[in-house]
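Single-structure report; data block below.
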Amino acid sequence: MSTIKTQNTSGLLWVTISRPEALNALNAEVLQTLREIIQEAYQNNAIKGIILTGEGDKAFVAGADIKELSSLNAEQAFALAQKGQLLFKQLEDSPKPIIAAINGFALGGGCELAMACHIRIATENAKFGQPEVNLGIIPGYGGTQRLTQLVGRGKALELMLTGDLISAQEAKAIGLVNHVVANREELMTLAQTIMSKILSKGPVAVAHVIKSVNAGFSFEQEGYQAEATSFAACATTEDFKEGTAAFLEKRKPTFSGK
Ligand code: DAK
């Protein structure tokens, strides 16, 4: 049975990590399947955006699979780290928007997975944390960087050094999630509402917003320079012409993605 379920509804790809017996923990199979799904989604012009969630009401993803982790040798750990980091970077750099719909525990690698997505929304029973220190390791899928970027150095250090879990409301208060809703049904509705709004905009501009924001956190590029380059690229598109024309003609724009 597959550990990830997908459903494509009108260009929106719903991706559900499904290992409820292990609270949707990330094992090698899940990571490999997710990698294949994401690569296929990038190449498929019919897919415009992705909503990522976990099966059930208890967990988004409760971390890397601790059973699998415990039996890794150094060589396997290195290979896993490289593959995992690449996947999370691909998610973060996706030109198509990705929303994490967090329906329960988002711990360790699960919290890191959510942070690699562009927008996070959660149910009120969700819990967040980087409890790796409890296992004698540190976050290894970019958590030390992304958590610090999202919530600031002081709170990030407290969470990673103590391994404490925080509630969805606390996560919202520190900027780790954008919205908290009552239950799974509301979560999916809100995810779809936000995604539909994003997908009504020009896809070239959407991709360049993501690229420009990410550039500001990259040591390889200067954020403002990248933003100017992206702005210039957007300005030559048909979507830009259509968007400005529609505004001036007081009508809704129809974007072609060109
Ligand atoms: N891995 C494997 N199985 C897990 C799991 C996990 N992370 N979390 C839960 N499960 C399993 C439990 O073992 C249990 O299985 P059975 O005993 O029924 O067979 C089942 O899911 C239900 O869990 P519980 O019985 O524990 O449920 P509770 O409600 O009592 O507790 C809990 C829920 C989420 C508080 C608890 O399950 C828990 O503390 N889970 C572990 C959370 C955790 O520590 N997560 C962080 C894992 S470390 C790397 C990069 C990144 C990472 C590693 C390497 N490289 C670069 C190489 C990331 C590391 C992590 O994420």
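Sequential numbering from 1 along the given sequence is applied to the chain's residues. Note that ligands are numbered from 1 as they come in the structure, with each ligand's atoms numbered from 1 the same way.
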Under 4.0 Å from [atom], is there at least one protein heavy atom?
atom	answer
atom 30 (O) of ligand 1	no
atom 45 (N) of ligand 1	yes
atom 27 (O) of ligand 1	yes
atom 23 (O) of ligand 1	yes
atom 17 (O) of ligand 1	no
atom 8 (N) of ligand 1	yes
atom 38 (C) of ligand 1	no
atom 12 (C) of ligand 1	no

*Just jot down the ligand 1 atoms closer than 4.0 angstrom to any heavy atom of L135, in number order.*
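Those of ligand 1 that fall under 4.0 Å from L135 are 47 (C), 48 (S).
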_Out of all atoms in ligand 1, which are within 4.0 Å of some heavy atom of A25? Include the element for each._
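Selected atoms, number and element: 1 (N), 2 (C), 6 (C), 7 (N).
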Which is closest to [atom] by heavy-atom distance: [options]?
atom	options	result
atom 2 (C) of ligand 1	N134, I66, I138	I66
atom 21 (O) of ligand 1	Q130, E21, E112, Q85	E21
atom 52 (C) of ligand 1	A64, A22, A106	A64
atom 43 (C) of ligand 1	G63, A62, G108	A62

For [Y], is there any backbone N or O sitting under 3.5 Å from a side-chain donor or acceptor partner on [X]?
X	Y	answer
N24	F60	yes
R120	A114	yes
N214	E92	yes
D57	G104	no
E186	N183	no
Q76	N73	yes

Between [Y] and [X], is there a side-chain heavy-atom distance shorter than 4.5 Å?
X	Y	answer
I98	I51	no
T144	M160	yes
L23	V61	no

In terms of residue, atom name and distance, what is the protein heavy atom nearest to [atom]?
atom	answer
atom 56 (C) of ligand 1	A81 CB, 3.2 Å
atom 53 (C) of ligand 1	L69 CD2, 3.7 Å
atom 49 (C) of ligand 1	Y141 CZ, 3.9 Å
atom 36 (C) of ligand 1	L23 CD1, 4.6 Å
atom 19 (O) of ligand 1	K67 NZ, 4.5 Å
atom 57 (C) of ligand 1	A77 O, 3.6 Å

_For the student: nearest non-hydrogen atoms of T244 and F240, plus distance_ = OG1-O, 2.8 Å
*Of all the heavy-atom pairs spanning F128 and A168, show the shortest one and how long it is.*
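That closest heavy-atom pairing would be CE1-CA, 4.0 Å.
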So, [X] and [Y]: side-chain donor and acceptor under 3.5 Å apart, yes or no?
X	Y	answer
Q32	E36	yes
D239	T237	no
T53	W14	no

*asked:* With nothing but distance in play, are any N or O atoms of K58 less than 3.5 Å from an N or O of ligand 1?
replied: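 Checking ligand 1 against K58, an N or O pair does fall under 3.5 Å apart.
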*G109 to ligand 1: N or O pair under 3.5 Å?*
yes
*For ligand 1, is any non-hydrogen atom under 4.0 Å from L165's backbone (N, CA, C, O), its side chain (CB onward), both, or neither?*
neither
*ligand 1 contacted by P131 (non-hydrogen, < 4.0 Å)*: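 The answer is yes, since P131 has a heavy atom less than 4.0 Å from ligand 1.
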